Amino acid sequence: MDSVDATEHYDTTIQGVPPSLLVIVLDTNPHAWALLSPTLPLSKAIANILVFINAHLAANHANQVAVVASHCHRAVWLYPRAPSSSEDVEMTDQTPPDLNDANKYRPFALIEDSLLASLRDLIATTTEDDIATTNTTQMAGALTLALSYINRATVNFSDADSSSKTASTAIENPENTSSLQSRILVVSVSGDLAHQYIPIMNTTFAAQRLRVPIDILKLAGDTVFLQQASDTTKGIYMQLSNPQGLLQYLMMAFLPDQTSRKHLVPPTQQVVDFRAACFCHRRVVDVGFVCSICLSIFCSPPEGAICLTCSTHLALGDYGAKPAVVARKKKKKRRINGAMETPSGSATPAPVE
Amino acid sequence: MSLPSLSSREYLERLPGTTFRRLYQQPSTALAIFRRMLPHLAKTFAMALLYMTKPLPLADLDLWVRPGSKRQRDEALSLLNRLHMVTITAPSRDDPQAVSLTKAFSSSLRLALTGGGDHQSFGVPANDLETANVDVQFLDDFARAQWEGILHYIVSNVGDGMRQAGEGPTAGVKQLLEAGHMVTRQKRSGGGITQAGFSFLLQEVNAQVWTLLLLWIENAEKMGMDSVEVLSFLFMLGSLELGRAYSTTILTASQKEMLTHLVDFGLAYIPPSTPNQFFPTRLATTLTSDASALRSVAAGFDNALSAGAGTAGFIIIETNYRLYAYTSSPLQIAVLSLFTKLTTRYPNMVSGRITRESIYRAISHGITSEQVISYLSTHAHPQLLKVATAKGAPVLPPTVVDQIRLWQIENERMKATPGFLFKDFESQKEYDGCVKYADEIGVLVWKNDGKRMFFVNRMEQLRDYIKSRKVK
């Protein structure tokens with residue numbers, strides 16, 4: 001009889017698993033890959049990532065994938081390929097080469113073909129000047145592309161799912177079990193990204209709001225901000241000690257989507273570097289000056305005590321050039337000289353009147 | 001888990017291990033079974049194990065899974081084991097238990113993911129010029145016509161005057177339906193349709209296709225066809241692309257013969273001008289996708305079937321047991337009339353009530369309350385779904401669902417569950433351990449702590465567990 005009022009039967013309407021969208025941001029910085037080539041050449045990494053993409057698509061018929069390259073001067077779509085001419089043109093999946101290989105699942109073959117073709121295009125169009133002028137990568141731009149794609153895919157999905165449901169509700173309730181589950185995987189090889197501090201943090205907060213986890217797979221180098229991005233969005237951060245085992249790391253740690261992550265213990269980072277970059281010289285700072293009006297960060301007091309971002313006149317007190325990392329004893333001395341009475345507030349320039 | 005995968009999965013689980021080994025020879029089959037039959041967590045496990053060089057100790061796997069999800073872990077592992085995808089080493093004193101993918105499965109799945117090899121299992125496209133009149137729309141129409149023909153044939157025996165003037169399915173299909181006890185020739189009071197026929201009608205299309213195919217496979221075995229060949233062909237069909245022509249040249253003789261039957265079912269289309277080509281229809285290409293994919297991306301086949309209605313769901317049911325169905329399809333109306341007291345018919349809608357009498361009538365035909373409820377919820381109108389997701393409430397009104405169950409229980413006081421009784425435990429501790437384990441792997445049906453007895457519906461894992469306790 002107890003099966004009559006067993007209320008868990010009401011939950012049976014949730015059938016199956018929601019499909020998931022995986023956006024891979026591939027760092028194609030030529031400098032970094034050149035350094036990495038003895039252990040893990042780009043071609044091998046791409047092969048591993050392709051298997052990973054196939055595994056993701058194999059898990060569910062409705063799973064989707066998109067790949068963005070974060071190149072040295074620009075962020076480029078690798079899959080799906082960007083429309084060739086004007087933006088009004090419908091995306092055409094024109095793949096003339098022979099894909100009639102019966103030994104490969106056709107969707108897999110299509111993606112592989114398209115991804116490799118656009119990657120070759122990208123490399124072919126990269127001039128020596130491009131490489132010579134910079135040694136970093138357009139990570140912020142790539143993340144932005146990824147987020148806008150996710151947004152569009154979510155809207156499309158909820159439209160297709162039920163025409164009556166408005167798109168906005170789907171975006172605001174990503175916890176909704178029937179909507180598309182999206183996540184971003186950044187395969188990063190470059191180091192310092194300090195000059196993109198603000199755009200990266202902005203995309204991070206946007207992702208946090210959309211509840212899109214940003215997973216970071218670090219093959220080489222170390223960036224503070226990607227760590228923070230994955231920490232804020234509850235993604236996975238992993239620094240590979242030996243990049244040869246890339247595929248196994250991908251399959252084990254990064255393949256589970258949000259649905260299975262509920263059941264799994266994610267690999268975590270013990271220490272998250274929460275340092276920020278200053279707005280004036282893009283340096284990563286431990287201690288800096290913060291504008292009390294707009295919260296901009298500076299490594300040293302700006303020229304004439306005028307905030308570079310909001311142009312507010314700030315009172316520095318009698319503050320010297322050195323930031324306030326001072327021992328307790330010294331602090332006492334300063335207080336005698338200084339006009340500021342609160343020791344903790346002394347590091348923050350206050351606006352004039 | 002969704003309903004449709006159950007029937008096909010149960011069939012697969014009954015197959016012997018050697019059949020599996022042969023099935024997994026084909027990468028397309030390995031991929032399809034992986035995608036279609038496994039719960040989500042099991043897929044995650046399989047993928048994690050896929051490129052692992054050494055077997056993974058179970059203790060490590062436990063560390064990976066959150067403590068609260070032990071039940072899901074055990075279910076996933078046990079299913080992987082039953083489908084012969086993993087082998088778990090026997091427990092012993094020296095080595096801890098470890099899990100690894102079976103050789104046949106892992107090598108095929110790897111081939112499927114990477115491509116390569118020379119298995120030709122993803123279908124050889126025909127290189128001839130495609131015949132112009134075969135487009136996706138045509139294939140959908142063809143599949144719909146064939147499939148509705150079969151359904152009408154079953155329904156038309158109900159005797160509600162719904163008989164259609166169509167030509168109906170071929171003699172082979174009719175025989176098959178009779179062999180599967182979906183319909184009987186003897187026109188008794190209940191009409192020619194049986195309980196199996198009813199439950200067949202109430203399923204989703206995808207599940208219906210599977211039911212019919214499994215029936216056909218069982219028949220085919222009697223005719224001396226190899227079930228492995230037949231199954232691999234089906235799984236290959238699921239990996240083909242809609243609207244493309246494929247060549248029949250690499251098919252074996254029995255697969256070619258099967259193709260003619262698939263044309264009868266509406267799963268494939270052979271253009272009369274080029275008999276060595278075939279086009280898979282949407283019924284075939286969605287064979288291996290699961291329910292959520294069907295409803296959303298693959299433009300649910302219900303779409304194609306519920307003629308005229310633009311959406312998959314069309315039934316609105318209110319808390320006062322009134323039912324409104326936006327459909328003009330005689331098939332849907334006939335199905336609804338099995339358990340509803342229909343009162344009014346409009347050009348695009350029928351309305352009626354679910355009453356005690358109507359449910360009784362359904363139950364006397366052999367339809368269970370669960371079938372009615374699942375039919376109602378799978379065909380619920382998008383509006384109902386929208387309200388349900390917005391409020392976080394169930395799709396169907398709980399009062400109605402409960403009442404339908406209660407009406408059934410008024411008559412059925414007893415429910416039979418086949419299974420195994422465990423009793424005569426030596427100690428309370430042994431009993432407690434076994435009961436706890438049985439509960440965790442989700443097989444425990446009933447227990448009596450006083451008498452130290454419990455009842456399970458599946459015992460393979462429990463047997464291993466008790467053995468391993470003995471070893472310790």
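Per chain, numbering begins at 1; letters A, B, ... match sequence-line order. All values derive from a computational prediction rather than experimental measurement.
The contact between B:Tyr51 and chain A is made by backbone and side chain atoms together, counting heavy-atom distances below 4.5 Å. Heavy atoms closer than 4.5 Å to chain A are found in the side chain of B:Leu31, but not in its backbone.
B:Arg35 approaches A:Ala58 most closely through the heavy-atom pair NE-O, 3.1 Å. Here the closest heavy-atom approach between residue A:Leu264 and residue B:Arg66 is recorded as O-NE, 3.1 Å. Closest approach of B:Leu63 to A:Val265, counting heavy atoms only: O-CG2, 3.5 Å. Nearest approach of A:Pro256 to B:Thr44, heavy atoms of both residues: CG-CG2, 3.5 Å.
The structure places CG of A:Leu50 at 10.5 Å from OG1 of B:Thr114, a figure rounded to the nearest 0.5 Å. Distance check, rounded to the nearest 0.5 Å: CZ of A:Arg261 to CG of B:Leu41 gives 13.5 Å.
Listed by chain and residue number, A:Tyr105 satisfy the ring pair (Phe, Tyr, Trp, His ring centres under 6.0 Å) test with A:Phe108 (two or more places apart in sequence, or in another chain).
In this structure, A:Met251 and B:Met52 have side chains that are not in contact, with every pair of non-hydrogen atoms separated by 4.5 Å or more.
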Verdict with supporting geometry, B:His40 and A:Asp257, side chain to side chain donor-acceptor pair (under 3.5 Å): CA-CA 10 Å; B:His40 202 64; A:Asp257 61 8; 2.8 Å; yes
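Ranking A:Leu255, A:Ile53, A:Asn63, A:Leu247 against chain B, the residue ahead of the rest is A:Leu247, based on heavy-atom pairs under 4.5 Å.
With A:Gln248 contributing its side chain and B:Leu50 its backbone, the two residues share no donor-acceptor pair below 3.5 Å.
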